[in-house]
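Below is one structure; the comments refer to it alone.
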Amino acid sequence: MINTKIPTHLFVGIEDTIIHEAQLVLQKAFCSKPLDSDGEQAECFCVQCKKVKSRQHHGFIWITPEKSYKTEDLDIIFETTKF
């Protein structure tokens with residue numbers, strides 16, 4: 001069993017919604033700012049949050065197919081997560 005700080009997540013759905021949800025997951029994991037009383041990440045402009053918002057964070061593999069997903073599109077996920 002591999003015990004990692006961040007589990008693998010696959011977000012599929014409406015693009016605006018999944019962008020927001022993925023950003024929240026990564027901000028909660030990597031931002032040094034404490035969560036607010038509701039357990040949410042406050043608006044932050046630290047280096048980690050800027051990377052998350054610009055989709056440049058090392059915790060992201062961002063795949064956006066032109067039409068629909070193909071197995072080849074997901075190979076990068078399988079290769080990365082098997083470690």
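Note that this is a predicted model, so its numbers are computed, not measured. The first residue of the sequence shown is numbered 1, and numbering continues consecutively from there.
- Residues Leu26 and Lys51 have side chains not in contact (no heavy-atom distance under 4.5 Å, counting atoms from C-beta outward).
- When the side chains of ILVMFWY residues are joined at heavy-atom separations under 4.5 Å, either directly or via intervening members, Val47 and Val52 end up in two distinct hydrophobic clusters.
- In this structure, Leu24 and His20 have side chains that are in contact, with non-hydrogen atoms separated by less than 4.5 Å.
- Scanning both residues, Lys53 and Cys44, for their nearest heavy atoms gives NZ-O, 2.9 Å.
- In plain terms, the two heavy atoms of Gln48 and His57 that are nearest each other are OE1-NE2, 2.8 Å.
- Rounding to the nearest 0.5 Å gives a distance of 7.0 Å between CD of Gln23 and CD1 of Ile19.
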